[in-house]
Amino acid sequence: MIITKEEEMMLNGERGEGVQKAMEIIVALGKIYGAKNLIKIESAHISGVSYKNLGDEGLEFLEEIANTGVKVSVKTTLNPAGIDLDFWETLGFKRDFAEKQIKIIKAYEKMGVKTTCTCTPYLTENKPKLGKHVAWGESSAIIYVNSVLGARTNRESGISALASAITGRTANYGLHLDENRLADYKINVKCEVKGISDFGALGYLIGKKIGNKIPYIIGVKSASLDELKALGAAMAASGAIGLFHIEGITPETNMKKMIKENAEEIEITSLKEAYETLNSDVKDIDLVSIGCPHTSINEITEIARLIRGRKIKTELWITTSRYLYNEAKKLGLIDVINEAGGKVIRDTCIIVAPIEDLGFKTLATNSGKMALLAPLHSKVKVRFGNLNQCIKAALEGEWIDN
Ligand code: F3S
């Protein structure tokens, strides 16, 4: 692998011990994946932030790195943490967990990372442009940045994204290369797909069918950015997909042919299987969760419209970034939701927060990714449906099918 003079200096320790260690990781990855060189990145996004996932070992590791004095060299944002950093106590999270979580955030902050704590950094201050190289962790963000924005990243881990953030480099392989961005499968969608939950259901089915390959979707005539966000998140969770194309919608399909000659074709004629698999038969709902991935301002606006002037009977948690929370606050949306009894929560999400400690047993969501992961990570039974059904569940305290 060819490396530049500057990269060699980093590798030799001439830029400090922290940079050296980070460069060793990048070079090792490059060798494993047969990269010919390293490339400069525009930004990084780091997953692996919640104390629930990192534990004491992860915390010690991050503090050790931060104490070397090393800093990130490109714009770097952070995935959700395990708590709302301001309102953790009111929400019922334990002090010991919160204190350790705050130490993790402080270690990242010391390294110069923006403590955004969101899985939708592309809706805030980290929105890479078409064709730019980045190094991102968080499967839902990776697939969005590759597919919807047309920037380029591999599916980075927390560690490799941090190493890239420090060195400003990533190894040039995988989805950074033109030839690896062509679709392996043509997915012919022959049923109606409308709204966030339908797109999540479709994503779930595609991920299940093609694993870690790249789909080229036809038959979907329009999709909002929120629907694309839901589609990708579910696909990346049920499979390990890092990039999808939708004919005429995602940017690269308007530039050139993005599908292999020998691509196999799969038809999807119904979303029923996804709704059946992702639903349990519970009726009473303890918690309605909207915001996986973190909600956009449009989603918050729609929720506020649906509950304005009404009172909910169960817990309603809307998870979003601090950045969009502030925007929603200015628009008066947070007050509307709070008055109805709902909570808009920043910095965290149901999956990475220790919600099993809070006694919730059943959950309703419009997110395919959440419906898939919550039973495994948060030990709850799930109802999965559209936003109207979820809001109705919050207002009634129980799931009503239609
Ligand atoms: Fe984001 Fe948490 Fe879902 S990190 S994509 S809200 S599982």
Side-chain angles (χ1 to χ4, degrees), residues 119 139-140 143-144 147-148 185-241 243-247 249-250 266-282 285 288-296 298-299 302-303 349-351 362-378 380-393 399-402:
C119 51
S139 66
S140 70
I143 196 166
Y144 190 97
S147 315
V148 183
Y185 284 88
K186 182 188 265 188
I187 309 289
N188 192 350
V189 179
K190 295 196 148 175
C191 55
E192 191 184 29
V193 187
K194 210 172 155 205
I196 285 172
S197 60
D198 273 6
F199 274 86
L202 177 63
Y204 167 80
L205 291 176
I206 294 174
K208 272 268 165 243
K209 285 179 198 296
I210 70 168
N212 64 357
K213 301 294 185 199
I214 301 174
Y216 185 95
I217 302 166
I218 62 166
V220 171
K221 298 289 171 248
S222 69
S224 68
L225 292 180
D226 290 328
E227 289 166 341
L228 294 175
K229 168 162 80 74
L231 173 76
M235 210 186 274
S238 66
I241 298 173
L243 165 67
F244 65 84
H245 302 292
I246 306 182
E247 194 166 74
I249 293 180
T250 52
I266 293 175
E267 278 189 3
I268 294 185
T269 54
S270 162
L271 304 176
K272 200 166 163 234
E273 183 196 330
Y275 280 104
E276 280 175 2
T277 313
L278 295 173
N279 256 295
S280 66
D281 59 359
V282 289
I285 301 296
V288 176
S289 165
I290 310 293
C292 173
H294 274 176
T295 47
S296 67
N298 284 343
E299 291 174 282
E302 178 61 6
I303 295 163
C349 84
I350 303 302
I351 300 298
T362 56
L363 174 146
T365 185
N366 65 341
S367 159
K369 176 175 178 178
M370 172 76 67
L372 177 65
L373 297 188
L376 308 168
H377 291 258
S378 308
V380 286
K381 289 194 167 174
V382 169
R383 292 307 306 233
F384 169 55
N386 62 37
L387 182 65
N388 284 327
Q389 286 176 294
C390 291
I391 296 299
K392 209 186 255 183
W399 188 260
I400 299 160
D401 268 325
N402 266 310

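Note that the coordinates shown come from a computational prediction; the quantities given were computed from them, not determined experimentally.
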List the atom pairs, donor and acceptor, that lie under 3.5 Å between side-chain atoms in residues 197-213 and the rest of the protein, sequence neighbours left out.
| unit_1 | atom_1 | unit_2 | atom_2 | d |
| --- | --- | --- | --- | --- |
| Ser197 | OG | Tyr275 | OH | 3.0 |
| Asp198 | OD1 | Tyr275 | OH | 2.6 |
| Asp198 | OD2 | Lys194 | N | 3.0 |

Is the shortest side-chain heavy-atom distance between [X] and [Y] below 4.5 Å?
{"X": "Asn188", "Y": "Ile218", "result": "yes"}
{"X": "Ile196", "Y": "Leu387", "result": "no"}
{"X": "Phe384", "Y": "Leu363", "result": "no"}
{"X": "Pro215", "Y": "Ile241", "result": "yes"}
{"X": "Ile217", "Y": "Met235", "result": "yes"}
{"X": "Ser140", "Y": "Lys229", "result": "no"}

Give the minimum heavy-atom separation between [X] and [Y], together with the two atoms involved.
{"X": "Thr365", "Y": "Cys390", "result": "C-SG, 3.3 Å"}
{"X": "Ile350", "Y": "Ser289", "result": "CG1-OG, 3.1 Å"}
{"X": "Asn386", "Y": "Asn366", "result": "C-CB, 4.1 Å"}

Does [Y] offer a backbone N or O that forms a donor-acceptor pair with the side chain of [X] under 3.5 Å?
{"X": "Ser139", "Y": "Ala237", "value": "no"}
{"X": "Arg383", "Y": "Ser280", "value": "yes"}
{"X": "Glu276", "Y": "Glu273", "value": "no"}
{"X": "Glu302", "Y": "Glu299", "value": "no"}

#### Entry: Intermediate values then yes/no, side chain to side chain contact (heavy atoms under 4.5 Å, CB included), Leu231 and Val193
CA-CA 10 Å; Leu231 173 76; Val193 187; over 6 Å; no
### Task
Show your working on side chain to side chain contact (heavy atoms under 4.5 Å, CB included) between Leu225 and Ser296 and close with a plain yes or no.
CA-CA 9 Å; Leu225 292 180; Ser296 67; over 6 Å; no
Between atom [atom1] of [X] and atom [atom2] of [Y], what is the distance when rounded to the nearest 0.5 Å?
{"X": "Lys272", "Y": "Cys191", "atom1": "NZ", "atom2": "SG", "answer": "12.5 Å"}
{"X": "His245", "Y": "Thr250", "atom1": "NE2", "atom2": "OG1", "answer": "6.5 Å"}
{"X": "Ile143", "Y": "Ile214", "atom1": "CD1", "atom2": "CD1", "answer": "9.5 Å"}
{"X": "Lys221", "Y": "Ile249", "atom1": "NZ", "atom2": "CD1", "answer": "8.5 Å"}

### Task
Any chance you could lay out the side chain to side chain contact (heavy atoms under 4.5 Å, CB included) test for Ile246 and Leu228, step after step, and finish with the verdict?
CA-CA 10 Å; Ile246 306 182; Leu228 294 175; 3.5 Å; yes
Atom pairs and distances, donor-acceptor, side-chain atoms in residues 367-375, under 3.5 Å, two or more places apart:
| unit_1 | atom_1 | unit_2 | atom_2 | d |
| --- | --- | --- | --- | --- |
| Ser367 | OG | Cys292 | O | 2.8 |
| Ser367 | OG | Lys369 | N | 3.3 |
| Ser367 | OG | Met370 | N | 2.9 |
| Lys369 | NZ | Glu138 | OE2 | 3.2 |

### Message
Determine whether Val282 and Trp399 satisfy the following criterion, side chain to side chain contact (heavy atoms under 4.5 Å, CB included), listing intermediate values before the conclusion.
### Response
CA-CA 8 Å; Val282 289; Trp399 188 260; over 6 Å; no
